[in-house]
Amino acid sequence: MATGLDRETLDMILESISEFASRELPESELLRLDEADQFPAEQVRKMCSEQLGVQLLFIDEEYGGMGGSSFDVYRVCERMAAIDLGVATSVLATFLGSDPIVVGATPDQKKEWMSRLAEEGLMMAYGATEPEAGSDLGALKTVAVPVTDADGTVTGYRITGRKQWISNGAVADLCTILANAPAGPTWFVVERGAEGFTAGKPENKHGIRLSNTAALYLDDVYVDADRLVGGVEGQGLWQAQQVFGYTRLMVAAFGLGAGWEAMDRAIAYSAERIQAGSPLSEKQGYTHKLIVPHVARLEASRACIEETAERFDAGEGILTTEGAVAKYLATEAGHAAADAAIQALGGYGYTHEYMVEKIQRDVRITRIYEGTSEIMEMTISRDRWQQHLKTTGRYYADQARELDALERSQPGLGAGVAAIAHDSLAAAMEACRVNRLTRNQHVLLRLGELVAVTEGAGALCRRAARHRAGQLGVKADVRFDADGLAALSRVYARDAAMRVATEAIRLVQGGVEVADATLAGRLRVGDALAAQAGLLTDMDHASDAIYGRQV
């Protein structure tokens, strides 16, 4: 079990990050760097030096680091993304680059490279993606040809290929490169300056313009055999898969942090902007469209992130699907929140100087890197489809009964409404099984979306219950009091129930030739509709909580 930092140390790190940013990367400098499309190399290296030492959070104590837990990393990633997502991406890229070493390296390799990361603040890059393979790591074309001595002993490898869209590509001191060795995909550590190893010019990107993204070219690059991660060929894909859940949790925290930063700016603006004699913050047409729904979705994604981080720290395994759910919900919510913030600020929001326009461009990448939203949908649906089959349709029905029990023990959290979403999803999956609809890729993708929304509702209800009982983790984010979080949970549960019921009936009926008159009942469409009673009042309560008004 990973306990990580104590609360005081975590708070100190979060405060130090904010202080560093206000001093080294104030808002005016962030806007200037964005306009110039310039990577702040000096500031990023300072972050990974004695001045801040943020890299130590990601490194085990035995190698000179602080040994931060998954929960610690989530909180730090959220804070960094709220400052600037490009800078946060540069830091993430280093530890994404080190992941093959953490997972698969020999003890001597770990000691060498992780100790250097801790002591020297090296920057790393993760060289997996290729121009034609995209996210399909099994389709890579980069090759590693063994070099042998007179006795036939492998002494090194010559690597040839191209990598695309590599964060820190042109500035990294070290890169982990995935290449096809004779036994299959294998990770190698390649140092900057190696003969034949070059980087392309920085990409002219839509957003995260404060990060460096460049192609990498390997032309017969020689590395010694001890640069093969783990010392055994063919382990590369396994090593990559071991950290998908964890790295996607970090990107989820990025979406959460950027989305909340945009919302915070819209909330502050609306509290001061007077229209027709009163602030925008007091107008339902503004708050109930542009603020409340987005805050509810962000907090549902936070609930999934925190549950998954706690499970990582409890040693439950790689949690690939849970990481995918968290990433999908948080990055979709973060992007939608940033877009709403532009609308909330009107003409000001559309200009460069008010930051929300930049945040919206930056957060867009979170729906693409570390696996697109569509890959997340497929990852989620395939796993949960197998769970549905293994449990003969009981997987989500059983969770619905647990939520019904939570509703009885702690009414007012929306758990009973979230149970409707779970029942609807169980019935939708069974209808898809009976009609063999999962042979259609579109159906699988849409099921992935409905799974994520449903699980988000359950997670937020459980988080609201823990908050009410005073049982949130000591390092949990506590933005709202228990009543405010309960109101947001009720709002999100209603949205989830309606989305799942109505989208599921459309999905299933759209896949068959003859309509099923009994489907609406099995999907609990009527119950989802009835559960909307009281939504407006709960949105009022949620708005009061967001703006700190007394109820």
Side-chain angles (χ1 to χ4, degrees), residues 7-8 10-11 14-15 18 71 74-75 78-79 82 253 256-257 259-272 279-284 286-288 290-307 309-310 329-330 333-334 337 340-341 344 403 406-418 456-496 534-551:
R7 176 60 187 261
E8 291 73 22
L10 176 60
D11 286 345
L14 294 174
E15 184 178 351
S18 297
F71 208 98
Y74 131 63
R75 293 295 309 277
E78 180 188 7
R79 179 64 57 88
L256 178 66
W260 253 117
E261 179 65 17
M263 276 289 100
D264 280 335
R265 290 172 180 271
I267 290 165
Y269 172 82
S270 63
E272 297 179 357
L280 287 172
S281 59
E282 297 179 2
K283 300 182 185 300
Q284 286 184 342
Y286 183 97
T287 60
H288 290 21
L290 300 176
I291 304 296
V292 173
H294 298 286
V295 168
R297 290 166 192 161
L298 288 168
E299 288 306 295
S301 66
R302 184 189 302 283
C304 285
I305 291 169
E306 292 195 349
E307 277 195 350
E310 288 175 342
L329 286 178
L403 287 164
L406 180 59
E407 176 67 24
R408 291 191 295 273
S409 64
Q410 291 202 47
L413 303 175
V417 182
L460 186 52
C461 287
R462 290 188 291 272
R463 190 173 193 272
R466 289 178 65 185
H467 196 3
R468 180 183 286 177
Q471 295 174 349
L472 280 180
V474 66
K475 293 186 285 190
D477 176 275
V478 187
R479 181 180 286 260
F480 299 102
D481 65 17
D483 290 339
L485 191 63
L488 288 166
S489 181
R490 295 193 299 270
V491 168
Y492 187 85
R494 287 189 177 91
D495 181 60
L535 173 60
L536 188 58
T537 298
D538 277 339
M539 293 187 81
D540 289 339
H541 289 329
S543 182
D544 288 336
I546 291 166
Y547 286 95
R549 294 188 288 254
Q550 295 295 321
V551 179

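- For R466, the side chain to side chain contact (heavy atoms under 4.5 Å, CB included) partners at least two apart in sequence or on another chain are E310, Q471, L472.
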| field | Verdict with supporting geometry, I305 and E78, side-chain contact (heavy atoms from CB on, under 4.5 Å) | value | CA-CA 11 Å; I305 291 169; E78 180 188 7; over 6 Å; no
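- Summarising the geometry of R549 relative to S281, their closest heavy-atom pair is NH1-O, 3.0 Å, with the distance given to 0.1 Å.
- Between A418 and A493, the shortest heavy-atom contact is N-CB, 4.0 Å.
- Here Y269 pairs with R273 under the side-chain hydrogen bond (donor to acceptor under 3.5 Å, both in side chains) rule; sequence neighbours left out.
- Every residue was checked against the salt bridge (Lys or Arg N to Asp or Glu O under 4.0 Å) condition with D540, not counting sequence neighbours, and none meets it.
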| request: Evaluate side-chain contact (heavy atoms from CB on, under 4.5 Å) for H541 paired with V491, printing each intermediate quantity in order. | output: CA-CA 10 Å; H541 289 329; V491 168; over 6 Å; no
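- Residues forming a side chain to side chain contact (heavy atoms under 4.5 Å, CB included) with E306 (at least two apart in sequence, or on another chain): F71, Y74, R302, R463, A476, D477.
- Among pairs with a residue in residues 406-416, none fulfils side chain to side chain donor-acceptor pair (under 3.5 Å), at least two apart in sequence or across chains.
- Listed by chain and residue number, nothing satisfies the side-chain hydrogen bond (donor to acceptor under 3.5 Å, both in side chains) test with H467 (two or more places apart in sequence, or in another chain).
- Looking at residues two or more places apart in sequence or on another chain, you find no salt bridge (Lys or Arg N to Asp or Glu O under 4.0 Å) involving R468.
- Residue M263 comes nearest to V295 through the heavy atom pair SD-CG2, 4.1 Å, listed as atom of the first residue, atom of the second, then distance.
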Check: residues 480-489 side-chain donor-acceptor pairs under 3.5 Å, at least two apart:
| from | atom 1 | to | atom 2 | distance (Å) |
| --- | --- | --- | --- | --- |
| D481 | OD1 | D483 | N | 3.3 |
| D481 | OD1 | G484 | N | 2.7 |
| S489 | OG | L413 | O | 2.7 |

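- Between the CZ atom in R479 and the CG atom in L298 there is a gap of 8.5 Å [rounded to 0.5 Å].
- Listed by chain and number, the residues in a side chain to side chain contact (heavy atoms under 4.5 Å, CB included) with A496 are A421, V453, A457, Y492 (sequence neighbours excluded).
- Nearest heavy-atom pair, A262 versus A341, reported as atom, atom and distance to 0.1 Å: O-CB, 3.5 Å.
- Taking the side-chain hydrogen bond (donor to acceptor under 3.5 Å, both in side chains) definition, one finds that T287 meets it with nothing, sequence neighbours left out.
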| task | Run the numbers on L535 and M539 for side-chain contact (heavy atoms from CB on, under 4.5 Å), then give the verdict. | result | CA-CA 6 Å; L535 173 60; M539 293 187 81; 3.9 Å; yes
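- By the side chain to side chain contact (heavy atoms under 4.5 Å, CB included) test, A459 pairs with A303, C304, E307, R462, sequence neighbours left out.
- Nearest approach of G414 to R490, heavy atoms of both residues: N-CG, 3.7 Å.
- Annotation: side-chain hydrogen bond (donor to acceptor under 3.5 Å, both in side chains) contacts of S18 (sequence neighbours excluded): R79.
- Listed here is the closest heavy atom pair of A542 and V292: CB-CG1, 3.9 Å.
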